[in-house]
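For reference, the structure is listed below as structure tokens.
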Amino acid sequence: MRRAPLIAALLIAVAPVVTQADGKTAIKRAKSGQFDAQGEVRCAQEVGQALGTCDASVARVAGSTAVVVTFPNSFARILTFSDGAFLRGNATMSGVGTDTEWQLTNGTYHIRVDDQRFELPETLVFPD
């Protein structure tokens with residue numbers, strides 16, 4: 001019986017590592033073009049720019065998702081999610097991807113990464 005608390009503690013300690021590994025795997029899948037879904041999302045590349053339409057390609061692995069959003073000028077940014085939460089955008093010439101704000105409202109992720117804005121349907125990122 002003494003092993004049960006030890007095993008539980010180990011599983012709790014390893015859980016974030018598993019999630020992080022799934023996130024890295026989702027990013028690897030996205031970078032290699034292995035997508036589970038594609039669609040269009042609303043986006044703006046510059047401050048003050050009206051939201052337009054961007055292509056989105058989605059790679060998923062066990063609760064983690066990487067979404068490659070491609071702007072009309074072919075610039076792309078990878079947005080990563082885990083367990084329903086937005087984590088970050090990848091580093092680009094536009095910034096390091098950690099200056100972010102996000103919220104999930106009425107089934108839509110509203111995300112700002114550096115100067116860029118994105119609106120992604122929750123069902124595209126994490127289908128039912």
Side-chain angles (χ1 to χ4, degrees):
M1 286 303 230
R2 290 182 54 160
R3 289 187 181 180
L6 176 61
I7 291 171
L10 286 172
L11 289 174
I12 291 169
V14 173
V17 174
V18 172
T19 300
Q20 185 178 22
D22 292 340
K24 288 182 181 179
T25 303
I27 291 169
K28 281 176 120 174
R29 290 189 68 232
K31 287 182 177 180
S32 68
Q34 298 176 19
F35 297 112
D36 301 298
Q38 295 184 324
E40 291 184 342
V41 298
R42 294 175 44 106
C43 61
Q45 193 170 3
E46 304 292 335
V47 173
Q49 182 180 36
L51 291 171
T53 303
C54 289
D55 293 326
S57 300
V58 183
R60 302 183 190 103
V61 177
S64 294
T65 302
V67 181
V68 179
V69 179
T70 305
F71 290 92
N73 66 0
S74 299
F75 174 83
R77 177 155 237 161
I78 300 173
L79 307 175
T80 56
F81 299 80
S82 184
D83 297 323
F86 171 71
L87 300 178
R88 64 171 292 148
N90 66 315
T92 67
M93 290 175 50
S94 301
V96 296
T98 56
D99 177 14
T100 66
E101 293 178 2
W102 74 278
Q103 63 182 347
L104 177 60
T105 306
N106 297 324
T108 300
Y109 285 96
H110 300 268
I111 300 169
R112 182 194 54 78
V113 179
D114 302 319
D115 292 337
Q116 300 160 355
R117 292 174 292 133
F118 307 90
E119 291 184 357
L120 292 82
E122 182 179 22
T123 55
L124 180 66
V125 180
F126 294 106
D128 293 335

Quick one: [atom1] on [X] to [atom2] on [Y], what's the gap to the nearest 0.5 Å?
X	Y	atom1	atom2	value
Arg117	Gln45	CZ	CD	11.5 Å
Ile27	Thr65	CD1	OG1	11.0 Å
Cys43	Gln49	SG	CD	7.5 Å
Leu87	Leu79	CG	CG	10.5 Å
Asp115	Asp99	CG	CG	8.0 Å
Glu40	Thr53	CD	OG1	5.5 Å

Nearest heavy-atom neighbours spanning [X] and [Y]:
X	Y	result
Thr100	Gly97	CG2-O, 3.4 Å
Ala26	Ala59	O-CB, 3.6 Å
Ala30	Ala66	CB-CB, 4.0 Å
Ala56	Val67	CB-CG1, 4.0 Å
Thr123	Arg60	O-NH2, 4.3 Å

> Which pairs, with at least one residue in residues 45-76 and sequence neighbours excluded, count as a ring pair (Phe, Tyr, Trp, His ring centres under 6.0 Å)?
Replying inline: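 Those involving residues 45-76 are Phe71-Phe75, Phe71-Phe118.
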
> With no hydrogens and no angle check, is any side-chain donor or acceptor of Thr80 less than 3.5 Å from a backbone partner on Arg88?
Replying inline: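 Such a contact is found between Thr80 side chain and Arg88 backbone.
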
> With Tyr109, which of Leu104, Leu124, Val41 fulfils side-chain contact (heavy atoms from CB on, under 4.5 Å)?
Replying inline: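 Answer to the side-chain contact (heavy atoms from CB on, under 4.5 Å) test with Tyr109 among Leu104, Leu124, Val41: Leu104.
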
> Given the rule in the side chain to side chain contact (heavy atoms under 4.5 Å, CB included) test, do Asp114 and Arg77 qualify, once you have shown the distances and angles that lead to the verdict?
Replying inline: CA-CA 11 Å; Asp114 302 319; Arg77 177 155 237 161; 2.9 Å; yes

> Who passes salt bridge (charged side-chain N to carboxylate O under 4.0 Å, His left out) against Arg29, sequence neighbours left out?
Replying inline: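 Partners of Arg29 by the salt bridge (charged side-chain N to carboxylate O under 4.0 Å, His left out) criterion, ordered by chain and then number, come out as Asp36.
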
> Tracing side-chain links under 4.5 Å among I, L, V, M, F, W and Y, which residues wind up in one group with Met93?
Replying inline: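 Members other than Met93 - counting any ILVMFWY side chain reachable under 4.5 Å - there are none.
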
>> Angle between ring planes, Phe81 versus Phe126, binned at 30° and 60°: parallel, tilted or perpendicular?
In response: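 Answer is perpendicular, since the angle exceeds 60°.
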
> Is there a side chain to side chain contact (heavy atoms under 4.5 Å, CB included) between Val68 and Phe35 once you walk through the steps?
Replying inline: CA-CA 9 Å; Val68 179; Phe35 297 112; 4.0 Å; yes

